[in-house]
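Treat the numbers as computed from the prediction; the structure is a model and nothing was measured.
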Amino acid sequence: MKIACAGGGPAGLYFAISMKLRNPSHEIDVFERNRADDTFGWGVVFSDQTVENLMANDAVSGEIIRDEFAHWDDIEVHIHGQCIRSGGHGFIGIGRKRLLAILQERARELGIGLHFEHEASPALAAWDGYDLVIAADGANSRIRTVHAEHFDADIQVRKNKFFWFGTAKRFDAFTFAFEQTEAGWVWAHAYRFDGDLSTFIVEMEPETWRRLGLDRMDQPEAIALCESIFASHLDGHELMSNASHLPGPQAWLNFRRIVTENWSYDKFVLLGDAAHTAHFSIGSGTKLALEDAIKLAEVLNRPGLNREQALAEYQAERSVEVLKLQNSARNSTEWFETLDRYLSFPPLQFAYSLLTRSQRVSHENLRLRDQAWLEEVERWFQAQAPNGCDEIAPPMFAPYQLREMSLHNRIVVSPMAMYSATNGTPGDFHLVHYGTRAQGGAGLVYTEMTCVSADGRITPACPGMYASAHVAAWRRITDFVHRETRAKMCLQLGHSGAKGSTRIGWEGMDEPLDCDNWPLIAASDVPWSEASQAPQPMTREDMNRVRDQFVAATRRAIEADFDMVEMHAAHGYLLSSFITPLQNRRSDEYGGSLENRLRYPLEVFTAMRAVWPAERPMSVRISATDWMGAAGVTPDEAVRIADAFHAAGADLIDVSAGQTWAASRPVYGRMFQTPFADQIRNEARVSTMAVGNIFETDHVNSILAAGRADLVALGRPHMIDPMWTLRAAAQHEYDGAAVPPPYLAGMAQLTRNLKRAAEMEAAQNA
């Protein structure tokens with residue numbers, strides 16, 4: 001093939017090299033708009049895996065790159081006058097200019113035509129003599145822009161301002177330096193990439209940037225200001241710019257996150273940053289570009305694969321890898337964009353939060369990197385917990401206090417609908433179900449949503465708390481839990497609203513009953529789905545009756561000896577139908593603004609709190625987003641919702657999301673709802689519980705130690721493994737778990753077996 005590469009950066013050069021290595025008869029030209037030694041970056045960071053990929057693809061250039069890498073192991077976080085240093089991170093870096101020189105020389109050796117100071121045209125007609133044109137022209141790709149309707153790129157401009165400097169100061173650790181100015185916080189990402197130079201990226205919020213006057217400064221003034229802010233870190237060294245051709249304010253950039261739906265059109269094929277970008281805070285842009293180049297060269301040269309098939313496989317495989325890194329990059333980007341949430345953290349926790357911000361680095365991963373440092377974190381976490389002690393133990397086993405209720409650990413069994421009650425009365429199934437999970441070691445066990453009236457049930461098989469028989473049945477369960485375990489019990493109270501009168505879950509989720517349906521009420525006459533009956537908008541009389549039903553159920557919870565009560569105001573049920581504007585179409589004082597929509601749920605909660613014992617805690621479950629953008633509840637509004645309930649006496653916000661609108665499109669993934677708990681906890685300054693696709697001890701410990709939530713609830717894992725918490729204790733060789741005495745021998749054996757299995761695995765991997 002005759003191929004042109006539009007763009008002579010690492011992506012274009014390495015693709016050309018990879019093609020020539022597979023078939024020397026390819027005729028390849030690389031066109032670069034700048035001069036051969038021009039570059040607008042400083043250092044490039046790689047992982048060990050990327051180096052292995054380079055060596056496997058081209059050992060000649062790979063060896064040169066590998067031998068010239070600067071290596072470092074440590075990360076330093078400077079905050080509030082303290083330096084937190086941890087090791088074992090294993091970074092390698094090289095200067096971008098040196099990397100380009102190595103790749104240019106290798107390309108010449110292989111007979112690739114290099115054309116500098118040559119502006120590549122985005123017009124198809126300009127490339128008539130070529131079979132393929134590789135658009136490796138970067139994040140500002142002219143080819144992608146001119147043919148935007150074919151590539152369908154989603155470009156999101158992030159809010160923070162940054163300047164990519166260099167400096168002769170040699171940093172012996174990857175350094176994050178946070179400095180407070182009168183205008184706001186400014187921070188630097190700094191790392192060495194050769195014997196004499198380091199990258200030094202300065203970042204800040206746009207408001208800080210304007211207050212500092214950087215929107216009016218030329219480059220020399222801006223550089224002088226940054227040098228003064230970071231004087232204690234630069235040790236007299238200057239900051240250098242390689243963007244001196246730009247006016248001062250224009251040299252400050254906003255990161256552009258690019259996701260492209262189609263990576264090819266006609267003879268154009270996107271590569272590297274032209275197709276996708278990953279934020280500099282995770283340092284993977286060049287890695288992605290080089291690995292794109294390897295994959296594209298491989299499929300284009302594979303026998304029996306036509307071009308259409310090759311390009312389809314190229315995009316399918318690489319887009320998955322890109323998505324993984326972009327998800328991590330999004331988490332990392334948002335951490336720096338919401339830095340104010342974490343600035344009040346103690347420096348050690350702040351550093352932990354920073355290190356785990358992308359979710360690519362977990363608690364146990366940090367243990368592998370630097371065990372002594374992680375144990376320092378664990379000791380600190382245990383010591384600062386209520387009634388804490390000076391011991392090294394995973395954060396999940398730290399105690400927690402809500403009013404006068406003491407939890408012996410941070411694990412919660414989520415409320416999970418069991419659809420197994422008879423006329424609202426829990427039976428033997430519930431005794432065994434809740435009793436077993438309490439014996440399994442969790443600190444707090446929730447009931448499923450328990451309904452405050454017969455017509456407030458979701459299904460005929462849902463439990464209630466509206467009759468004396470219900471009190472006796474629940475008391476049988478709480479008595480067992482209190483007598484036989486150290487767990488506490490929380491009764492979740494709710495009313496189904498528009499989602500009531502449906503079949504039990506495994507017979508048809510949210511589908512109406514075949515017969516004997518009961519009338520529904522909600523904030524407005526908005527049905528849950530086309531198949532559902534429309535509820536009647538609640539009158540003031542209805543509101544009084546339902547409020548009183550919640551109060552009566554709360555009084556019964558005292559008789560049943562529950563330790564805690566939660567009001568369910570999420571998931572599209574009755575109280576949630578007031579909060580979300582998607583369901584609340586009222587024009588009275590209970591509709592319209594968020595304050596109005598909260599009026600009735602707050603009224604109900606306040607009435608419940610008034611009769612619930614002052615020494616016992618209460619929580620509220622909310623949906624922190626409707627997954628419908630600005631049309632529904634947003635995460636920022638969820639902070640206001642949480643703050644309002646906290647002011648009314650809520651001790652804990654149970655942070656869920658969605659299930660409020662049938663047409664919503666949730667974004668699922670590991671710990672996908674934890675960011676909402678994080679935002680509410682650290683902006684509203686209230687205790688939160690994280691829920692949602694949390695299933696590993698690593699998830700739990702990372703969430704807690706990073707200050708993203710105070711308690712962690714696991715639902716499905718507890719469905720199939722009631723002893724989840726005890727199994728976690730055995731895995732960590734933690735001997736402080738509450739093991740029922742009859743099970744002590746089994747716990748000892750499990751601990752030995754898990755330890756032996758871990759030792760065998762370590763030996764095999766050595």
Side-chain angles (χ1 to χ4, degrees), residues 6-9 32-44 95-97 100 116-122 137-146 148 153 155-169 177 179 181-190 193 197-231 233-234 237-258 272-274 277 279-281 285-286 333 336-337 339:
E32 169 56 47
R33 67 188 301 185
N34 298 305
R35 295 172 298 180
D37 58 350
D38 282 347
T39 182
F40 299 98
W42 292 93
V44 176
R96 181 177 170 87
K97 183 176 288 190
L100 288 174
F116 296 98
E117 299 181 78
H118 187 291
E119 190 72 58
S121 171
D137 50 346
N140 297 314
S141 171
R142 292 179 67 215
I143 290 174
R144 188 195 64 235
T145 301
V146 169
I155 302 176
Q156 182 184 85
V157 179
R158 305 301 306 200
K159 77 169 190 174
N160 281 0
K161 291 286 186 180
F162 70 94
F163 200 130
W164 205 296
F165 292 112
T167 179
K169 163 67 186 291
E179 293 294 333
T181 72
E182 291 184 358
W185 284 83
V186 183
W187 56 95
H189 314 238
F193 60 82
L197 292 171
S198 298
T199 291
F200 198 92
I201 304 170
V202 175
E203 184 181 7
M204 66 193 77
E205 293 184 341
E207 296 80 9
T208 303
W209 183 73
R210 284 189 288 271
R211 286 194 291 264
L212 285 171
L214 289 164
D215 58 334
R216 303 180 299 277
M217 288 185 191
D218 59 23
Q219 279 205 42
E221 289 179 290
I223 290 172
L225 176 60
C226 291
E227 287 173 345
S228 67
I229 292 172
F230 294 102
H233 305 283
L234 290 169
H237 292 88
E238 297 179 347
L239 293 177
M240 299 177 285
S241 166
N242 55 17
S244 56
H245 60 292
L246 295 174
Q250 291 183 27
W252 290 89
L253 305 176
N254 293 81
F255 184 78
R256 300 167 79 236
R257 194 276 284 133
I258 297 170
D273 282 355
T277 56
H279 194 259
F280 59 82
S281 63
T286 304
T333 306
F336 285 105
E337 289 177 346
L339 186 69

(message) Does the plane of the ring in His233 sit parallel, tilted or perpendicular to the ring in Phe230? Use 30° and 60° as the thresholds.
(response) tilted
(message) For the residue pair Ser141 / Asp137, report whether a side-chain donor-acceptor contact shorter than 3.5 Å exists.
(response) yes
(message) On a heavy-atom basis, which atom in Trp252 and which in Val202 lie closest, and how many Å separate them?
(response) CZ3-O, 3.7 Å
(message) With rounding to the nearest 0.5 angstrom, report the CZ to CG distance, Phe163 to Leu239.
(response) 9.0 Å
(request) Indicate yes or no: does Glu119 engage Arg33 in a salt bridge with an N to O separation below 4.0 Å. (result) yes
(message) So which atom in Phe193 and which in Gly95 form the shortest heavy-atom distance, rounded to 0.1 Å?
(response) CD1-CA, 3.1 Å
(request) List in chain and number order the residues that pass salt bridge (charged side-chain N to carboxylate O under 4.0 Å, His left out) with Glu182, two or more places apart in sequence or in another chain; answer none if no residue qualifies. (result) none
(request) Look up atom CE in Met204 and atom OG1 in Thr181, then write down how far apart they are to the nearest 0.5 Å. (result) 8.0 Å
(request) Please check if the side chain of Trp42 supplies one atom and the backbone of Trp164 the other of a donor-acceptor pair under 3.5 Å. (result) yes
(request) Kindly determine whether Ile155 and Arg144 satisfy side chain to side chain contact (heavy atoms under 4.5 Å, CB included), including the steps that lead there. (result) CA-CA 11 Å; Ile155 302 176; Arg144 188 195 64 235; 3.8 Å; yes
(message) Contact between Glu205 and Lys159 at the side-chain level, heavy atoms closer than 4.5 Å - yes or no?
(response) yes
(request) Starting at CD of Glu337, measure out to CZ of Arg158 and round the result to the nearest 0.5 Å. (result) 4.0 Å
(request) Identify the two heavy atoms, one from Ile258 and one from Ala139, that lie closest to each other, and give their separation to 0.1 Å. (result) CD1-O, 3.3 Å
(message) Taking atom CD as the centre, does Gln156 end up with more than 12 heavy-atom neighbours from other residues, nucleotides or ligands that are less than 6.0 angstrom away?
(response) yes
(message) Once rounded to the nearest 0.5 Å, what's the spacing between atom CH2 of Trp185 and atom CD of Glu179?
(response) 7.5 Å
(request) Check whether any side-chain N or O of Thr167 sits under 3.5 Å from a backbone N or O of Glu238 as a donor-acceptor pair, and report yes or no. (result) yes
(message) Could you check whether any side-chain N or O of Glu203 sits under 3.5 Å from a backbone N or O of Asn160, counting only pairs where one atom can act as donor and the other as acceptor?
(response) no
(request) Indicate yes or no: at least one non-hydrogen side-chain atom of Phe116 is less than 4.5 angstrom from one of Arg35. (result) no
(request) Nearest 0.5 Å please: distance from the OG1 atom of Thr199 over to the CZ atom of Arg96. (result) 11.0 Å
In residues 206-218, what donor-acceptor pairs under 3.5 Å come from side-chain atoms, sequence neighbours left out?
{"residue": "Arg211", "atom": "NE", "partner": "Ala183", "partner atom": "O", "Å": "2.7"}
{"residue": "Arg211", "atom": "NH2", "partner": "Ala183", "partner atom": "O", "Å": "2.9"}
{"residue": "Asp218", "atom": "OD1", "partner": "Glu221", "partner atom": "N", "Å": "3.0"}

(message) Applying side chain to side chain donor-acceptor pair (under 3.5 Å), can you list everything that pairs with Gln219, at least two apart in sequence or on another chain?
(response) Ser241
(request) Flag the pair His189 / Phe336 as yes when their ring centroid distance falls below 6.0 Å, and as no otherwise. (result) yes
(request) Write down the atom of Thr277, the atom of Arg256, and the distance for their closest heavy-atom approach. (result) OG1-O, 2.7 Å
(message) Quick one: does any side-chain atom of Ser198 pair with a main-chain N or O of Ala190 as donor and acceptor, under 3.5 Å?
(response) no
(request) Would you check if Phe280 and Leu253 make a side-chain contact, meaning some heavy-atom pair closer than 4.5 Å? (result) no
(request) Classify the angle between the aromatic ring planes of Phe255 and Phe162 as parallel (below 30°), tilted (30 to 60°) or perpendicular (above 60°). (result) tilted
